[in-house]
Structure formats: C-alpha cells, structure tokens
**Q** 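Have a look at this one.
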Amino acid sequence: MAELDADTLLPNDHVKQLALDGDITQIHRGNPYAEVGDTFAVDGTTFEVTDVTHRTLGDLTDEDARAEGSEDLDAYRKRLEHAHSDGFEWDDDADVVRHRFERVE
C-alpha cells in the first residue's frame with residue numbers, strides 16, 4: 001500500500017471535486033496508476049483504492065459511466081472524445097484499467 005498524489009490518479013481539479021462530492025467513485029485510465037489499498041487525499045479527505053481491474057472499453061456499462069459522473073455510456077463516450085480532442089476514437093478492444101475508490105472515514 002502506498003500514499004499517492006491525487007494528481008497521479010485523478011487528471012484534473014474538476015475530477016477531484018467530483019470525487020469530493022461523491023459524484024464519481026471510479027475512473028478508467030489507460031494504465032494502472034494505483035494498487036488496491038493505496039490511498040490519496042483531496043483537500044484533506046482521504047480515499048482508498050478498493051479495486052483495480054484490467055478491462056476493455058467494450059466492457060464498460062451505463063453503470064460504469066454513472067460511477068464516473070456521466071448520465072450513461074453514450075454521454076461518457078462523448079465526454080472522452082471531447083476531453084481527448086487529439087484524435088481519440090472509441091475502440092471496444094482498447095485496454096483500460098478501472099480504479100474504484102471510496103472515501104475513508
């Protein structure tokens with residue numbers, strides 16, 4: 001177990017605020033950025049990584065999209081395409097890593 005800098009896992013201040021507000025409880029990234037049991041803090045609030053799972057974009061569901069702050073999978077896909085305007089295209093076979101986390105009381 002390690003203590004991570006929140007910037008390692010959460011890519012920007014908006015996402016950090018969503019985590020603080022409880023609007024997101026997981027994030028998919030292209031690589032593993034944490035291990036189960038790692039912790040990170042956002043504005044004095046500690047979170048623990050509870051799951052790290054290798055998946056593909058095709059594995060994602062509406063439930064995953066909601067856990068990442070989107071209304072559904074279509075909205076999540078559009079958000080990714082907008083955030084990665086450098087030519088990102090959704091590929092169901094693309095490897096991603098799900099990082100689930102929860103607030104530590």
Side-chain angles (χ1 to χ4, degrees):
M1 290 187 268
E3 186 171 333
L4 305 172
D5 182 332
D7 293 338
T8 301
L9 187 58
L10 305 178
N12 58 53
D13 289 339
H14 177 69
V15 173
K16 290 177 197 162
Q17 187 61 52
L18 290 172
L20 277 174
D21 294 342
D23 294 331
I24 68 166
T25 56
Q26 71 182 31
I27 188 165
H28 282 81
R29 303 291 306 268
N31 295 297
Y33 286 90
E35 295 180 7
V36 172
D38 287 352
T39 60
F40 61 92
V42 178
D43 291 343
T45 300
T46 301
F47 294 85
E48 181 177 344
V49 177
T50 59
D51 179 65
V52 177
T53 305
H54 290 264
R55 308 173 80 198
T56 66
L57 285 176
D59 293 331
L60 274 67
T61 65
D62 284 337
E63 182 180 341
D64 288 308
R66 285 189 291 276
E68 293 197 37
S70 291
E71 181 178 314
D72 57 26
L73 190 56
D74 187 53
Y76 179 74
R77 179 184 291 190
K78 289 176 183 172
R79 192 175 94 203
L80 284 183
E81 289 170 349
H82 176 57
H84 301 281
S85 59
D86 58 351
F88 170 84
E89 291 185 29
W90 187 277
D91 177 357
D92 281 344
D93 295 325
D95 292 322
V96 292
V97 180
R98 177 179 60 201
H99 302 79
R100 286 188 174 165
F101 51 87
E102 59 188 38
R103 185 182 301 250
V104 176
E105 297 298 327

**Q** Mind checking the CG-NE2 spacing from Asn31 to His99? Nearest 0.5 Å is all I need.
**A** 8.5 Å
**Q** For Thr53 and Asp51, which I'm curious about, is there any donor-acceptor pair between the side chains at under 3.5 Å?
**A** yes
**Q** Which heavy atom of Val42 sits nearest to which heavy atom of Ala6, and what is that distance?
**A** CG2-CB, 3.9 Å
**Q** Does Gln17 have more than 12 heavy atoms from other residues, nucleotides or ligands lying within 6.0 Å of its CD?
**A** yes
**Q** So, Asp64 and Arg98, do they make that salt bridge, N to O below 4.0 Å?
**A** yes
**Q** Find the distance between OG1 (Thr39) and CD (Glu3) and round it off to the nearest 0.5 Å.
**A** 4.5 Å
**Q** Looking at Glu81, I'd like to know if its CD atom is crowded, meaning that more than 12 non-hydrogen atoms belonging to other residues, nucleotides or ligands lie closer than 6.0 Å.
**A** yes
**Q** Can you tell whether the side chains of Asp74 and Arg77 come within less than 4.0 Å, N to carboxylate O?
**A** no
**Q** Hey, quick one: are Val96 and Leu80 part of the same hydrophobic cluster, counting side-chain heavy atoms closer than 4.5 Å, chains of contacts allowed?
**A** yes
**Q** Leu57, Val97: one ILVMFWY side-chain cluster at the under-4.5 Å cut-off?
**A** no
**Q** Minimum heavy-atom separation for Asp21 and Arg103, please, with both atom names.
**A** N-NH2, 4.4 Å
**Q** Is there a path of hydrophobic side-chain contacts, each under 4.5 Å between heavy atoms of I/L/V/M/F/W/Y residues, joining Leu18 to Tyr76?
**A** no
**Q** Might you point out which heavy atoms bring Asp38 and Ala2 nearest each other, and give the distance in Å?
**A** OD1-N, 2.8 Å
**Q** Report the distance from atom CD of Glu68 to atom CG of Leu73, rounding to the nearest 0.5 Å.
**A** 10.0 Å
**Q** Could you check if a side-chain atom of Asp43 sits within less than 4.5 angstrom of a side-chain atom of Thr45, using non-hydrogen atoms only?
**A** no
**Q** Measuring from His82:NE2 to Arg79:CZ, what's the distance to the nearest 0.5 Å?
**A** 10.5 Å
**Q** So do the side chains of Asp92 and Thr56 get within less than 4.5 Å of each other, counting heavy atoms only?
**A** no
**Q** Between Ser70 and Asp72, is there a donor-acceptor pair closer than 3.5 Å when you use the side chain of the first and the backbone of the second?
**A** no
**Q** Please list all pairs passing the ring pair (Phe, Tyr, Trp, His ring centres under 6.0 Å) test where one or both residues lie in residues 23-56, with sequence neighbours left out.
**A** Phe40-Phe47, Phe40-Phe101, Phe47-Phe101
**Q** Would Leu9 end up clustered with Val36 when hydrophobic side chains under 4.5 Å apart are linked, directly or stepwise?
**A** yes
**Q** If every non-hydrogen atom of Gly69 is compared with every non-hydrogen atom of Ile24, which pair is closest and at what distance?
**A** N-CG2, 3.5 Å
**Q** To the closest 0.5 Å, what do you measure between CZ (Arg29) and OG1 (Thr8)?
**A** 9.0 Å
**Q** Roughly how far apart are Leu4 CG and Glu48 CD, rounded to 0.5 Å?
**A** 11.0 Å
**Q** Between Trp90 and Phe88, what is the shortest heavy-atom contact and its length?
**A** N-CE2, 3.9 Å
**Q** Does the side chain to side chain donor-acceptor pair (under 3.5 Å) test come out yes or no for Arg100 and Thr50, once each step is laid out?
**A** CA-CA 6 Å; Arg100 286 188 174 165; Thr50 59; over 6 Å; no
